[in-house]
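FYI, side chains are in, hydrogens and waters are out, and symmetry mates aren't considered; it's all heavy atoms of this structure.
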Amino acid sequence: MNLKHAALIGFASLILALGTDGAAVGQRPNIAVILVDDMGFSDLGCYGSEIPTPNLDKLAARGLRFTQFYNTGRCCPTRASLLTGLYPHQAGVGHMVTDRQQPGYQGNLNDRCVTLAEVLSSAGYRTVMAGKWHVTRYTEPADETEKANWPRQRGFDHYFGVIKGTANYFRPDSLARENEHIQPPAEGFYTTDAFVDNALKFIEEGEQTRPFFLYLAFNAPHFPLMAPAEEIAKFRGKYKIGWDKLREQRRARQIELGIVDKAWPLSPRAPEVKAWDTLTPQEQDRFDHIMAIYAAVVAHMDTAVGRFVDTLRRRGALDNTLILFLSDNGGNAEAGPEGRYVGQPPGSADSNVFCGQSWATLENTPFRRYKHYNHEGGISTPLIAHWPARISIGGGLRPQPGHLIDIMATCVEVAGAAYPKEYKGKVIQPMEGRSLVPAFDNQPIKRDALYWEHEGNAAVRVGDWKLVRQGRKGPWELYDLKADRTEQRDLAAAQPERARELAAKWDAWAERAQVKPYPTGDPADTGARKKKGKKKQAGAG
């Protein structure tokens, strides 16, 4: 009996679905995984931000917030890990979507992994995706070999979104519906809204006797930052207080909310970042405009999530829908401390705006470093879990450490699905993660360790102890995260035996998980387009 036939035997207990009258047809939940792009740990109101995010705050107030949940520190690896329940190198996307001639770095999802859509489809779910894919090599125009790793070929019944990484919010150039490239309308198009529109369309037009799994992957708030001008205007002037005072204010709110421990000091401003009070009024106005655009992008995303949630509520499907909301990496310091502020008007389709390192220090409050790195600022993500039918008492915090690898195990458990040992004639690697369901009841998530590697940056966490390094040749640093999650007191010299044990543990994992052998050449990825023959290949994170 194959996987699909085995799962379909249980069709009498089908999941809650969106029906025309909003009625429940079963007990297991719909599942919606919502991923945002390049948003820092502290950028939601319910995690300490001044940016208005009332819709996500409501989900948090009625659900749970995880305070120690982790991503992989970069766009492509996070997507590969989330989709497969494996570490990204095991899925073939240890770096970006370029073939680096090693198994862990082939730049495509390999055939020894299965996606959430493939597993849940076999359990009777309708599977739909809207948004950023970015887990396959991509050239323009795409050939059939590349399309073999597009969403429709990896288990999704329907797809609308952008296949590659960086996307213009108003005029994306890798937009696709199902398996075909399409052009956005000349006017009135904005990726955040279009993704939600199409997600709802797929759900509502699908077979209503079956439940749904939705993967909604926004490109917001990834660079180039773009938002409607009238929304940017609402935030102009609000950031002239500067990153120094705003970091202190966010940390104070995080302590009040219980998100961080007051014993953890705020990480110092990076040496490359200037004190706000030393900037000229012209420099302050420029930085204020950059952050106003970023805030508008985040606020618009929150409104779009609210529209999705309101539709589920009106149809009677919200209470038994598990919604998981998270970010793919920490705030992005690319473009350096000055950021980027090119094109007119800033925030339009003809501009190119990056927050840069200075504002990324705010976005990742109170942690160190940024996207790309495995220090806490690079890999820490908000995670909101909302499921009123199962999480009856909302507003709680969950300190249990979790990781993207846990999303697959969680979905498998709540859907009553079966994770395969073989799929399409290929032996499939076992899941690496653990279900988050025990944490819903505030029980521990039992595991041995969590691991990271990207561009030579590396880390391992066992219990409250974390070993981390910057670059392959950087020294290992050791931190007690219970006492010092902002990574201010390196204990490697004081506890060399513990550091050696954790380093040996990381080395063994790196061999097992296809981190090694490393690809040859410079591991850094500039995100620039590179010509491959006569085609252009996209690799921005």
Side-chain angles (χ1 to χ4, degrees), residues 38-44 47-51 73 221 223 225 235 237-257 259-295 298 327 329-341 353-382 457 459 466 468-471 474-475 477 479 481 483-490:
D38 282 13
M39 191 190 78
F41 179 78
S42 69
D43 280 332
L44 301 178
Y47 279 80
S49 180
E50 71 294 328
I51 300 172
F223 64 81
L225 296 167
F235 293 96
K238 296 184 183 296
Y239 286 91
K240 290 190 177 180
I241 185 175
W243 42 73
D244 292 321
K245 291 181 180 178
L246 280 169
R247 290 184 78 220
E248 294 173 358
Q249 290 179 5
R250 286 195 182 188
R251 177 174 177 266
R253 281 193 291 271
Q254 290 174 325
I255 292 170
E256 182 180 355
L257 291 167
I259 298 295
V260 304
D261 191 323
K262 64 181 180 181
W264 305 336
L266 181 65
S267 60
R269 180 178 2 96
E272 302 90 342
V273 177
K274 298 175 183 176
W276 180 263
D277 291 342
T278 67
L279 302 178
T280 67
Q282 293 78 16
E283 290 172 323
Q284 291 182 350
D285 187 70
R286 174 185 179 275
F287 277 118
D288 171 80
H289 199 174
I290 289 174
M291 192 61 188
I293 299 168
Y294 181 86
V298 172
S327 179
N329 45 249
N332 181 19
E334 293 173 42
E338 297 301 313
R340 186 173 296 168
Y341 188 68
V353 177
F354 289 48
C355 273
Q357 184 182 12
S358 296
W359 283 125
T361 64
L362 170 67
E363 294 156 13
N364 295 334
T365 302
F367 301 131
R368 286 178 60 193
R369 301 198 190 281
Y370 325 93
K371 172 183 176 179
H372 294 262
Y373 300 100
N374 293 162
H375 289 77
E376 294 291 285
I379 58 175
S380 298
T381 176
N457 304 312
K466 179 182 176 186
V468 60
R469 74 177 186 218
Q470 181 179 345
E477 305 163 20
Y479 298 101
L481 295 187
D484 177 29
R485 195 170 168 212
T486 55
E487 298 170 315
Q488 300 302 298
R489 298 184 295 277
D490 179 6

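Ionic pairing of Lys238 and Glu50 is not present here: no N-O contact between side-chain nitrogen and carboxylate oxygen is shorter than 4.0 angstrom. Arg269 has a carboxylate O that lies under 4.0 Å from a charged side-chain N of Asp244, or vice versa, which qualifies the two as a salt bridge.
In this structure a side-chain-to-backbone donor-acceptor pair under 3.5 Å is present from Arg286 to Glu338. Judged by distance alone, with hydrogens and angles left aside, the side-chain atoms of Asp38 form no donor-acceptor pair with the main-chain N or O of Asn332 at under 3.5 Å. The closest donor-acceptor contact from the side chain of Gln357 to the backbone of Val273 lies at 3.5 Å or more, if one exists at all. Panel note: side chain Arg340, backbone Ala335; no donor-acceptor pair is recorded below 3.5 Å. Checked by atom type and distance alone, the side chain of Gln488 pairs as donor or acceptor with a backbone atom of Thr486 at under 3.5 Å. Listed for the Asn329 side chain is no donor-acceptor partner under 3.5 Å among the backbone atoms of Gly378. Using modelled atom types, no side-chain atom of Ser42 and backbone atom of Tyr47 make a donor-acceptor pair closer than 3.5 Å.
By the 4.5 Å heavy-atom criterion applied to side chains, Thr365 and Gln249 are not counted as neighbours. Within the 4.5 Å cutoff, the side chain of Asp285 has no heavy atoms near those of the His289 side chain. With a 4.5 Å cut-off on side-chain heavy atoms, Pro366 and Ser267 do not count as touching. Counting heavy atoms from C-beta on, the side chains of Ser380 and Arg485 come closer than 4.5 Å.
For the atom pair Asn364 CG and Ile379 CD1, the distance stands at 11.0 Å (nearest 0.5 Å). Here Ile259 contributes atom CD1 and Phe41 contributes atom CZ; the two are 6.0 Å apart, rounded to the nearest 0.5 Å. A distance of 4.5 Å separates OH of Tyr479 from CG of Asp490, quoted to the nearest 0.5 Å. Remark: Asn457 CG to His372 NE2 distance equals 9.0 Å, nearest 0.5 Å. One finds the CH2 atom of Trp359 at 7.0 Å from the CG atom of Asp288 (value rounded to the nearest 0.5 Å). Taken from CD in Glu376 to CH2 in Trp264, the straight-line distance is 8.5 Å, to the nearest 0.5 Å.
With sequence neighbours left out, Lys245 forms a side-chain contact (heavy atoms from CB on, under 4.5 Å) with Ile241. When the side-chain hydrogen bond (donor to acceptor under 3.5 Å, both in side chains) test is applied to Ser49, the partners found at least two apart in sequence or on another chain are Arg250. Every residue meeting the side-chain contact (heavy atoms from CB on, under 4.5 Å) condition with Glu248, not counting sequence neighbours, appears here in chain and number order: Leu266. Judged as a ring pair (Phe, Tyr, Trp, His ring centres under 6.0 Å), and not counting sequence neighbours, Tyr370 has no contacts. Judged as a side-chain contact (heavy atoms from CB on, under 4.5 Å), and not counting sequence neighbours, the contacts of Arg369 are Tyr373, His375, Gln470. Taking Leu279 as the reference, Trp243, Lys274, Trp276, Glu283, Gln284, Phe287 meet the side-chain contact (heavy atoms from CB on, under 4.5 Å) condition, with sequence neighbours excluded.
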Exercise for the section: Before giving the answer on side chain to side chain contact (heavy atoms under 4.5 Å, CB included), spell out for Ile51 and Tyr294 the whole-Å C-alpha distance, their side-chain angles and the decisive distance to 0.1 Å. Expected result: CA-CA 10 Å; Ile51 300 172; Tyr294 181 86; 4.3 Å; yes
Practice task
Kindly indicate, with the supporting measurements, whether the criterion side chain to side chain contact (heavy atoms under 4.5 Å, CB included) is fulfilled by Glu334 and Phe223.
Solution key: CA-CA 9 Å; Glu334 293 173 42; Phe223 64 81; 3.6 Å; yes
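The two residues Ala295 and Tyr239 make their nearest non-hydrogen contact at CB-OH, 3.7 Å.
The neighbour count for Glu256 CD, taken as heavy atoms of other residues, nucleotides or ligands under 6.0 Å away, does not exceed 12.
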